Amino acid sequence: QVQLVESGGGLVQPGGSLRLSCAASGSIFSINVMGWYRQAPGKERELVARIDSGGSTNYADSVRGRFTISRDNAKNTVILQMDSLKPDDTAVYYCYANIQYRVDGSTYRHWGQGTQVTVSS
């Protein structure tokens, strides 16, 4: 029974910073990819960043240079450090993980519950 739990969202002024965390738990054999999507009202879901098991990262053009994704494999946790935040970053942020199950080796994408990030003065 795999679960992803997010934390760290909140309200911040433009130019400020937030740190989002997402921890996976359950019968996990491995986590191949972890990342973050965001969804703002009236806009398409956007892939913000991802990181694979080897540490290779990808970022959306809109956040590159401001956001940093990292992971702690021992804790099954992915972190999104968000700096120089802009009002356009306001959205619900969802973490995801492609998880291989310990019991049979199958894989499936799991999602966190979402956390609200609001950037406003």
Side-chain angles (χ1 to χ4, degrees):
Q1 202 165 354
V2 174
Q3 186 177 23
L4 301 183
V5 179
E6 301 180 28
S7 63
L11 174 65
V12 66
Q13 294 186 354
S17 297
L18 285 173
R19 181 181 173 93
L20 305 184
S21 298
C22 178
S25 62
S27 299
I28 298 169
F29 178 74
S30 66
I31 303 177
N32 302 111
V33 177
M34 304 185 81
W36 297 86
Y37 281 82
R38 65 186 181 187
Q39 179 76 63
K43 296 185 178 180
E44 294 183 355
R45 185 182 63 178
E46 178 185 27
L47 177 62
V48 177
R50 62 175 294 280
I51 183 168
D52 68 15
S53 59
S56 180
T57 60
N58 297 97
Y59 296 94
D61 290 342
S62 58
V63 308
R64 187 176 293 109
R66 300 186 298 118
F67 291 10
T68 303
I69 189 169
S70 61
R71 61 190 286 172
D72 185 336
N73 292 329
K75 298 179 179 179
N76 290 328
T77 298
V78 61
I79 303 295
L80 187 67
Q81 177 67 43
M82 304 185 294
D83 299 318
S84 301
L85 282 162
K86 304 175 180 179
D88 284 348
D89 296 319
T90 297
V92 178
Y93 285 69
Y94 298 91
C95 72
Y96 77 91
N98 292 344
I99 296 174
Q100 185 175 24
Y101 299 150
R102 187 178 301 276
V103 62
D104 63 1
S106 63
T107 62
Y108 194 79
R109 176 168 291 191
H110 289 264
W111 294 89
Q113 79 279 8
T115 185
Q116 177 70 48
V117 171
T118 302
V119 184
S120 176
S121 61

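Just so it is clear, the values below take in all heavy atoms, side chains as well, and ignore hydrogens, waters and symmetry mates. All residue numbers in this chain count up from 1 along the given sequence. What you are looking at is a predicted structure, and each value in this text was computed from that prediction instead of being measured.
Closest approach of R71 and N32 over heavy atoms only: NH1-O, 3.5 Å. The shortest heavy-atom contact between L4 and Q113 is O-OE1, 3.6 Å. G9 and L20 get closest at one heavy-atom pair: N-CD2, 3.5 Å. The minimum heavy-atom distance between A97 and I31, with the atom names listed, is CB-CG2, 3.9 Å. Of all non-hydrogen atoms in Y59 and A49, the two that sit nearest each other are CD2-CB, 3.7 Å. Residue A40 comes nearest to A91 through the heavy atom pair N-CB, 4.0 Å, listed as atom of the first residue, atom of the second, then distance.
To the nearest 0.5 Å, the span separating CG on L80 from CD1 on I69 amounts to 6.0 Å. How far CD of Q100 is from OG of S30: 4.0 Å, rounded to the nearest 0.5 Å. With rounding to the nearest 0.5 angstrom, the OG atom of S120 is 12.0 Å from the CG atom of L85. With rounding to the nearest 0.5 angstrom, the OG atom of S25 is 9.0 Å from the CD atom of Q1.
Tracing side-chain contacts under 4.5 Å through hydrophobic residues (I, L, V, M, F, W, Y), one reaches Y108 starting from W36; they form part of the same cluster. W111 and I99 are not part of a single hydrophobic cluster, where members link through side-chain heavy atoms under 4.5 Å apart. Follow the hydrophobic side-chain contacts under 4.5 Å out from F67 and you reach V78 in the same cluster. V33 and V48 fall into different hydrophobic clusters, where Ile, Leu, Val, Met, Phe, Trp and Tyr are joined by side-chain heavy atoms under 4.5 Å apart, directly or via other members. A single hydrophobic cluster is not seen to contain both I79 and Y94; linkage of ILVMFWY side chains at heavy-atom distances under 4.5 Å, directly or through other members, places them apart.
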Stepwise side chain to side chain contact (heavy atoms under 4.5 Å, CB included) check, M34 with C95: CA-CA 7 Å; M34 304 185 81; C95 72; over 6 Å; no

Candidate pair Y37 and Y96, rule ring pair (Phe, Tyr, Trp, His ring centres under 6.0 Å), full reasoning: CA-CA 8 Å; Y37 281 82; Y96 77 91; 5.5 Å; yes

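No salt bridge links D89 with K86; every basic N to acidic carboxylate O contact stays at or beyond 4.0 Å.
Panel note: side chain T90, backbone V119; a donor-acceptor pair is recorded below 3.5 Å. R109 places no side-chain N or O within donor-acceptor distance of the main-chain N or O of N98, the cut-off being under 3.5 Å. Checking side-chain atoms of Q39 against main-chain N and O of R45 turns up a donor-acceptor pair under 3.5 Å.
Counting heavy atoms from C-beta outward, S106 and Y101 have side chains that approach closer than 4.5 Å.
Just one residue in the list E6, E44, E46 forms a salt bridge (charged side-chain N to carboxylate O under 4.0 Å, His left out) with R38, and that residue is E46.
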